[in-house]
Amino acid sequence: MSRRTRAAILTVCTLLWLTGVAWLLVHWFFPAHNEFGVLPGPWEAPLMRLHGLIAVAAVFAFGWVGAGHILARWSAARNRVSGLWLLGFAALLVVSGYALYYSTGGLHAAAAGMHEWLGLVAIFAALAHWLRIRAWA
């Protein structure tokens, strides 16, 4: 993978994770209140829109990686396990993100919890894969 391609993918993934974490912080720790109860904070919607926009780029990036990087490196088996973990996290985050957009009720609540927790810990799968690559370089 070229340096520019790797930089583009890492940038998109980093921005995606940071906007997700920023949304979670605003949602969990800075809710708005009125006489009817808790409301979404004023930064939740803009952060969610930005996160969704970057998610489209991330899905494109993972498709790009899948078409080239995974197929080219599969036979080496060096980082296959960490790569499969990363791919699994990405797939579950895409599916749960889709469910958040198109579902309601119990399915929406389950998708939200899954997406929030998977998103928080996905950074460890990404770092494990990236650090293993760096260790071999």
Rounded to the nearest 0.5 angstrom, the OG1-CD1 distance for Thr19 and Ile54 is 4.5 Å
* To do: For residues Leu50 and Trp23, determine if any side-chain heavy atom of one lies less than 4.5 Å from a side-chain heavy atom of the other.
  => no
message = According to a hydrophobic-cluster definition based on side-chain heavy atoms being under 4.5 Å apart (Ile, Leu, Val, Met, Phe, Trp, Tyr only), do Ile123 and Leu120 belong together?
response = yes
task = Please answer: with hydrophobic residues joined when any side-chain heavy atoms are less than 4.5 Å apart, are Leu87 and Val59 in the same cluster?
result = no
- [ ] Begin from the C-alpha positions of Val94 and Phe62 and carry the test side chain to side chain contact (heavy atoms under 4.5 Å, CB included) through to its verdict.
- [x] CA-CA 11 Å; Val94 167; Phe62 276 108; over 6 Å; no
Output for pair (His115 NE2, Leu93 CG), nearest 0.5 Å, gives 5.5 Å
Exercise. Considering only heavy atoms from C-beta outward, does the side chain of Thr14 approach that of Trp17 to under 4.5 Å?
Worked result: no
Heavy-atom side-chain contact between His33 and Leu39 under 4.5 Å: no
Problem set entry | Donor-acceptor pair, side chain of His51 and main chain of Leu16, under 3.5 angstrom | yes
The residue among Thr11, Leu10, Ile9 that forms side-chain contact (heavy atoms from CB on, under 4.5 Å) with Cys13 is Ile9
Student check: side-chain heavy atoms of Val12 and Phe60 closer than 4.5 Å
no
When rounded to the nearest 0.5 Å, the distance separating CG of Leu25 from CZ of Phe29 is 6.5 Å
On a heavy-atom basis, the closest approach of Pro40 and Ala32 is O-CB, 3.7 Å
Kindly work out whether a path of hydrophobic side-chain contacts (I/L/V/M/F/W/Y, heavy atoms less than 4.5 Å apart) joins Leu24 to Leu47.
yes
Subject >> CA sep, side-chain torsions, deciding dist, call: Phe89, His129, side chain to side chain contact (heavy atoms under 4.5 Å, CB included) >> reply: CA-CA 12 Å; Phe89 271 96; His129 187 66; over 6 Å; no
